[in-house]
Amino acid sequence: MNSVNTVQAALFPTIDRIQPIEVLPEQFDSQNIVGFRNADTRARPFKLLRAQIVRQMEEREIKLIGVTSAAPNVGKTFVASNMAAALSRIADFDVYLMDLDLHRPAVAGRFGMEAEGWGIHDFLSGEQPDMGQIARRINEERMVVVPGYRRDVATGELLSSAAGAQLFERLRTLPKNSVVIVDMPPIFADDDAVIIGRHLDGFVLVVEDGKTTRKQVHETIRMLSPTPFMGAVLNRYRSQLFADEYGYGFAYGYGGYY
């Protein structure tokens, strides 16, 4: 039987051996990536979110966290990217941001990665079994991005295959100081999010002020059950809490970003 370290090495090289990609400050600015900047007031919501996530991680075993939304275009990739960046600033904390929104992958663009290349689709299909050829470390941060690129593939079949199940099993063998943030598809896009949710330790729901409804939130939590709901992040806050009155977990306004 493989040891944890052997399995981990088979999935990822150690983080200091993962090929880095240089992301310039202006790229972070253009994509509203502020989670690395402890002194930036715009990063405050993500530091608060980080504290809530770490508290829950300490209370129970959590390694795989999904970020989803009810519908597209409400800012889930923006939140997932900044949440991962903020978590990576914790000393000795290794963060892996994985793009599993296979129909509309957007994480690579957030970090100025090439428009095409090896992606998570290719790992799941067996075209590229070496995750070290796919993953990229962001600058010298303790954060690794596993990008996705558009492919004409049956995504549900890929995720529900033996390779999909093995991916999540192997992610669980990462060292104890590791956390995986999964950028999921919107819950009502297809069944991909439900398939992914079965393998997660919890999920965060991104909602948009004036757009996301109470019914959508309830249905999202129901459809992803029994995966624990860790809280909601309010994006594009305008004037009221949500489209109608309800409250869940932690909610932070971030007007204008997406």
Testing the basics here: between [X] and [Y], what is the closest heavy-atom pair and its distance to 0.1 Å?
X	Y	result
G197	T227	O-OG1, 2.6 Å
M113	R136	CE-CG, 3.5 Å
M131	I120	CE-CD1, 4.0 Å
M230	R60	CG-NH2, 4.1 Å
K47	N38	NZ-O, 2.6 Å
S69	A71	OG-O, 2.8 Å

Stepwise side-chain contact (heavy atoms from CB on, under 4.5 Å) check, I53 with V204: CA-CA 9 Å; I53 294 294; V204 172; 4.0 Å; yes

Donor-acceptor pair, distance only, cut-off 3.5 Å: does the side chain of [X] make one with the backbone of [Y]?
X	Y	value
D183	L97	no
T220	Q216	yes
K76	M184	yes
D40	V34	no

- prompt: Do the charged groups of R222 and E219 touch, with an N to O distance under 4.0 Å?
  reply: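 Looking at E219 together with R222, the answer is yes, because their closest N to O distance falls below 4.0 Å.
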
field: Electrostatic pair E141-R137, nearest N-O below 4.0 angstrom
entry: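 Salt bridge between E141 and R137, a charged N being under 4.0 Å from a carboxylate O: no.
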
- request: Could you tell me which residues satisfy ring pair (Phe, Tyr, Trp, His ring centres under 6.0 Å) with F36, sequence neighbours excluded, listed by chain and number?
  value: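 Applying ring pair (Phe, Tyr, Trp, His ring centres under 6.0 Å) to F36 gives F28.
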
Please round to the nearest 0.5 Å and tell me the distance separating atom [atom1] of [X] and atom [atom2] of [Y].
X	Y	atom1	atom2	answer
I90	N177	CD1	CG	11.0 Å
L124	T155	CG	OG1	10.0 Å
M143	R89	CE	CZ	11.5 Å
Q133	D122	CD	CG	11.5 Å
E157	I195	CD	CD1	7.5 Å
L102	D192	CG	CG	6.0 Å

Less than 4.5 Å apart, any side-chain heavy atom of [X] and any of [Y]?
X	Y	answer
L167	M98	yes
V182	F203	no
F111	S81	yes

query: For E116, what residues pass the side-chain contact (heavy atoms from CB on, under 4.5 Å) criterion, not counting sequence neighbours?
result: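 E116 satisfies side-chain contact (heavy atoms from CB on, under 4.5 Å) with Y149, R151 only.
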
message: Check this for me: D16, atom CG, are more than 12 non-hydrogen atoms of other residues, nucleotides or ligands nearer than 6.0 Å?
response: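 Yes.
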
